Amino acid sequence: MPVIVQKFGGSSVADASRIHLAARRAVRALLGGNQVVLVVSAMGGTTDKLVELAAQVSRRPAKREMDMLLATGEQVSIALMAMAIHEAGYEAVSLTGAQVGLVTDSTHTRARIQSIDTPRLQRVLAQGKIVIVAGFQGVDRDFNITTLGRGGSDTTAVALAAALQARACEIHTDVDGIYTADPRLVPQARKLDAISYDEMLEMAALGAGVMHARAIELGKKYGVPIHVRGSSSDNPGTMIMNETPGMEGVVVRGATLKRDITRVTLAGLPNEPGVTAAVFEAVAEHGILVDDIMQTLADGGEKVTLGFTVEGRETGETRAVAELVARRFNVDNPDIAADLARISVVGVGMRSHAGVAARMFNALAAEKIKIENIATSEIVISVLVPADDGERALQVVHQAFELDQTK
Ligand code: ADP
Ligand code: ASP
Ligand code: MG
């Protein structure tokens, strides 16, 4: 019998009536002749509340204990979901990450999945029961509870779909698909029928919070068709799939905004082999994830100015590390700009079209939005802009590429 994995996000299980609605969808899939695995997130707002609670108790809570705390949210919703399915007259069993043998590495708060005990799941499915799995959580080899990073229930769902060779992985959420930009920020954004794994992976990594980036990576690797759709409508959503030849025709598929970008600049470093390596070794040793790196010559080539960007949350630690590096090379304290946003356009068609960057820069210039840095890759062009201009810049770029119109 075909397996179908349905994931319901936080707002789609936020109260009793929505839990019943989700339960009915699962039952419908079961009656349609499928074995059904449901993956659920914590009820809307729960994870944020737990994070706040931890902050009230400790300024730097241990990551292991954060995982222990945050994983409780999903345990509440799986039990409630099972009860709702029982109410509807069907059999269901709720299982935590540990109970489905979802083993991860030990990187607390952003662990990666290593394996899943599918035989156990298959046994329960074969009994005709709907299996409800807690998203976002797993367990390491020493039985410590881990979590997969915020938004990680998507990854649980896609990983289960891959492990069970599911026919489809449906992501039910509070928007009815993937849009050309976050519809909350760009009212003109348009729903896409399809998007390639590569494009969605970039969009997710660059700020489109609708999908967890790691879920897309797994989807691509194992060829899982992912269908993102609204949890309260029957309209078709967006298919995330391999690129098709026609897809190249669209130059820009979507635009994203990522807030809270911090840029660190170290000026006056000696221009000698090994300096750049030493700086980034120190940064990496402290587990700081770097996005962009910019290096320019200064003082007629005697010195270099080295800059890099990190995501906002890490500022405190980043500052300490940057100051450490500055002391080591006897240069001025780093300049830290914590008020930047990144605007990106993404599209596989960029590979075969020229002039995309110019169009983006012109549109921003016409609106007098200052570009602080530029980064490009094969299918992405990103600019850093002042944080206050972020939303407007996203709208300007969306308009410049006429993303509201079907091509
Ligand atoms: P869930 O709780 O179901 O996982 P999320 O809040 O994680 O839901 O993701 C859905 C939200 O993602 C939407 O409400 C929307 O504001 C946001 N979003 C950001 N970018 C996009 C996009 N390009 N298309 C659709 N939604 C987007
Ligand atoms: N509950 C977790 C979060 O809020 C995981 C998820 O919703 O995907 O990040
Ligand atoms: Mg989500």
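Numbering of ligands and ligand atoms starts at 1, following listing order. All values derive from a computational prediction rather than experimental measurement.
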Hey, does the side chain of [X] reach the backbone of [Y] with a donor-acceptor pair shorter than 3.5 angstrom?
X: Thr256; Y: Leu206; result: yes
X: Arg253; Y: Met247; result: yes
X: Thr309; Y: Asp292; result: yes
X: Glu202; Y: Val346; result: no

So among [options], which one has a side-chain contact (heavy atoms from CB on, under 4.5 Å) with [X]?
X: Ile343; options: Ile381, Ile371, Val396, Leu394; value: Leu394
X: Val39; options: Val131, Val5, Thr155; value: Val5
X: Leu69; options: Thr47, Leu50, Val51, Ile145; value: Leu50

For Ala208, the ligand 1 atoms whose distance to one of its heavy atoms is below 4.0 Å: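 What qualifies from ligand 1 is 20 (N).
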
Nearest neighbour in protein (non-hydrogen) for [atom]:
atom: atom 11 (C) of ligand 1; result: Asp174 OD1, 3.8 Å
atom: atom 16 (O) of ligand 1; result: Arg184 NE, 2.7 Å
atom: atom 4 (O) of ligand 1; result: Lys7 NZ, 3.0 Å
atom: atom 7 (O) of ligand 1; result: Gly209 O, 3.4 Å

Ligand 1 contact on [X] by region, counting heavy-atom pairs under 4.0 Å:
X: Ala181; value: backbone
X: Met200; value: neither
X: Thr173; value: both

Can you check whether Tyr179 has an N/O within less than 3.5 Å of an N/O in ligand 1?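 So ligand 1 has an N or O lying under 3.5 Å from an N or O of Tyr179.
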
Between ligand 1 and Met203, is the shortest N or O to N or O distance under 3.5 Å?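 Between Met203 and ligand 1, no N or O pair is found under 3.5 Å apart.
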
Aromatic plane relationship, Phe280 with Phe308 - under 30° parallel, 30 to 60° tilted, over 60° perpendicular: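 Perpendicular: the ring planes of Phe308 and Phe280 meet at over 60°.
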
Ser41 heavy atom under 4.0 Å from ligand 1: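 Judged by the 4.0 Å heavy-atom criterion, Ser41 does not count as contacting ligand 1.
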
Heavy-atom gap Pro183 to ligand 1 smaller than 4.0 Å: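 Pro183: in contact with ligand 1 (<4.0 Å).
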
Is there side-chain contact between Glu391 and Arg259, with at least one heavy-atom pair below 4.5 Å?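 Result yes, sub-4.5 Å side-chain heavy-atom pair found.
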
Go through it in stages, so that I can follow the logic: the residues are Arg342 and Asp291, the test is side-chain contact (heavy atoms from CB on, under 4.5 Å), and I'd like the CA-CA distance, side-chain angles, deciding distance and then a yes or no. CA-CA 11 Å; Arg342 184 191 307 282; Asp291 280 343; 3.4 Å; yes

With side-chain contact (heavy atoms from CB on, under 4.5 Å) as the criterion, how do Leu160 and Leu121 come out once you've worked through the C-alpha distance, each side chain's angles and the decisive distance to 0.1 Å? CA-CA 10 Å; Leu160 284 169; Leu121 273 167; 3.5 Å; yes

Within the 3.5 Å criterion, strictly below it, is a donor on Arg263 or Asn373 matched to an acceptor on the partner's side chain?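 No, no side-chain donor-acceptor pair sits under 3.5 Å.
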
With distance as the sole criterion, is a donor-acceptor pair present between the side chains of Gln295 and Thr276 under 3.5 Å?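 Short answer, yes.
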
From [options] - option closest to [atom] by heavy atom:
atom: atom 17 (C) of ligand 1; options: Val13, Ile195, Leu206, Asp182; value: Asp182
atom: atom 27 (C) of ligand 1; options: Ile178, Leu192, Val210, Leu185; value: Val210
atom: atom 25 (C) of ligand 1; options: Gly177, Ser153, Gly135; value: Gly177

Below 4.0 Å from any atom of ligand 2, which residues have a heavy atom? Give them in chain and number order, please.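 Those residues closer than 4.0 Å to ligand 2 by some heavy atom are Ser41, Ala42, Thr47, Glu74, Phe136, Arg150, Gly151, Gly152, Ser153.
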
